[in-house]
There are 2 protein chains.
Amino acid sequence: MTLAEKAYVSLRKDIVEGCFAPESPLRLADLSERYGMGFSPLREALNRLQAERLVTAESLRGFRVSARSLAEFEDALQARLLVETEALRLSIAKGDDAWEAKVVATLYALRQQTKREGGDVDELKTRHHAFHRSLLAACGSDWLLDFFERLYAATERYRIPALTAAGPQKRDIDAEHGAIAEAVLARDTTAAEALLREHYLRTAVTIRHGMSAT
Amino acid sequence: MTLAEKAYVSLRKDIVEGCFAPESPLRLADLSERYGMGFSPLREALNRLQAERLVTAESLRGFRVSARSLAEFEDALQARLLVETEALRLSIAKGDDAWEAKVVATLYALRQQTKREGGDVDELKTRHHAFHRSLLAACGSDWLLDFFERLYAATERYRIPALTAAGPQKRDIDAEHGAIAEAVLARDTTAAEALLREHYLRTAVTIRHGMSAT
DNA sequence: ACAATAACGATTTTCGAAAATTATGAATTT
DNA sequence: AAATTCATAATTTTCGAAAATCGTTATTGT
């Protein structure tokens, strides 16, 4: 793996996880020290992230972490519902046995990590991502999967600060995931879409709550 | 405008227009001579284009123009229908007078250029793009507009070689655009969506014809 | 005192060369 | 002849410095 790729992965993770505050400038000198590399690989990573809308660039004024706002979150949420319901529909229609097995496996892995009390939060997020991706994995559309990844990262930036602030409603997220998986494996498109929708809308409520608290 | 931005614009244009054959390697030395700049701005541009899926990169083996295939075109087409019908629906619901005026203006400009016999093909493409963008411009979703731009560029790569090969059907494209605009301005969502869909599906027929001929 | 301007420092952007890696081809061995 | 090894060339990747630009502070003039 080249330095530029490492820089891309590290920076992306740190931005999504909120290590850098939104709109804070990403100075090359700082990044160079933080990640232990020269300017070139950092600039390449920043350019890629710019194309993904995680950072913004202004000519001769460098890069910033892109802003967060309620409006942008709502936009990303709606786009996500559009993309993911379609991808889910296709996935259910086209998925084979191997796909089903993957859904079961990722759900199981996710639940295992949820159960673990002092578990690694990083690992939990990875498995959560993996589960949601597995649901759509058989859709057969590179574009939809690409959009899914983009929107997942974009909304993850909102989900993480909201995790600390306790939501207004009690949720059994494992049960929600289980219900989605069940409907998916039963090839019940209508139910699966509705459950996925509700799942995201519930998360959205928590996030709105967290945003307004800030 | 910085050199990196110029490199991005130029490279993007040249890739979309097919100046570089799909899968052909984009060697830095060649690009450096072609665009008259050093490696740094070129690499930055290539990284942005990689995030947009117009070029692919392999570690330590540089960049290539991304491949074209019928499957990828069909995928992009379907994604486009999903994204654009939704964006059009929203645009019709939210658009104001200024938006309507813009639709009328871009349609007029497009028709003027179509009429001109020895007209600049570049200008025609710009205006075609502007018209289609104006239809969705009022949708209020940055994400959908972003996806539109991506998919437009991706499918444009297929549309251009197909222009030379005569299609299997006679089309009055001006009339198609006019009908879409009319439905949009009448705020007839159902009709507008159907007409846009047909418009793209007709174009797809031409492109499939052009692809199989190759 | 205040506006305009100049000088400085900080920062981004770009270049050219060095380092690292892959591809190519010749020489050697089996 | 085929495969292997080694040397060479081509290419990508990275660094460090130079150039360009921006923002701030000091200076000058009114």
Taking atom [atom2] of [N] as reference, at what distance in whole Å does atom [atom1] of [X] sit?
| X | N | atom1 | atom2 | result |
| --- | --- | --- | --- | --- |
| B/R27 | D/dT12 | CZ | C1' | 11 Å |
| B/D30 | D/dT11 | CG | C1' | 11 Å |
| A/L26 | C/dT13 | CG | P | 12 Å |
| A/L46 | C/dT13 | CG | C1' | 13 Å |
| A/M1 | D/dT13 | CE | C1' | 15 Å |
| A/L42 | C/dT11 | CG | C1' | 14 Å |
| A/N47 | C/dT13 | CG | P | 9 Å |
| A/R43 | D/dC15 | CZ | P | 14 Å |

Any pair counted as ring pair (Phe, Tyr, Trp, His ring centres under 6.0 Å), so long as it reaches residues 30-80 of chain A, sequence neighbours left out: A/F73-A/Y158
Look for any protein N or O under 3.5 Å of an N or O in nucleotides 18-24 of chain C and output each such pair with its distance, or none.
from   : atom 1 : to    : atom 2 : distance (Å)
C/dA23 : OP1    : B/R61 : NE     : 3.2

Nearest-neighbour nucleotide for the A/M37 side chain, D/dT14, D/dC15, D/dT12 considered: D/dC15
Proximal nucleotide (of D/dC15, C/dT14, C/dT12) relative to the A/P41 side chain: D/dC15
Expected output: side-chain A/R68 to main-chain A/R157 donor-acceptor under 3.5 Å: yes
Polar contact flag, side-chain donor to acceptor under 3.5 angstrom, B/H128-B/E123: no
Side chains of A/E5 and B/S59, donor plus acceptor under 3.5 Å: yes
Closest contact, heavy atoms only, A/I180 versus A/L135: CG2-CD1, 3.8 Å
Distance-minimising heavy-atom pair for A/S69 and A/M211: C-CE, 3.5 Å
Name of the residue among A/E176, A/Q78, A/R80 meeting side chain to side chain donor-acceptor pair (under 3.5 Å) with A/Y200: A/R80
Sugar-phosphate, base or nothing in reach of A/S40, heavy atoms under 4.0 Å: base
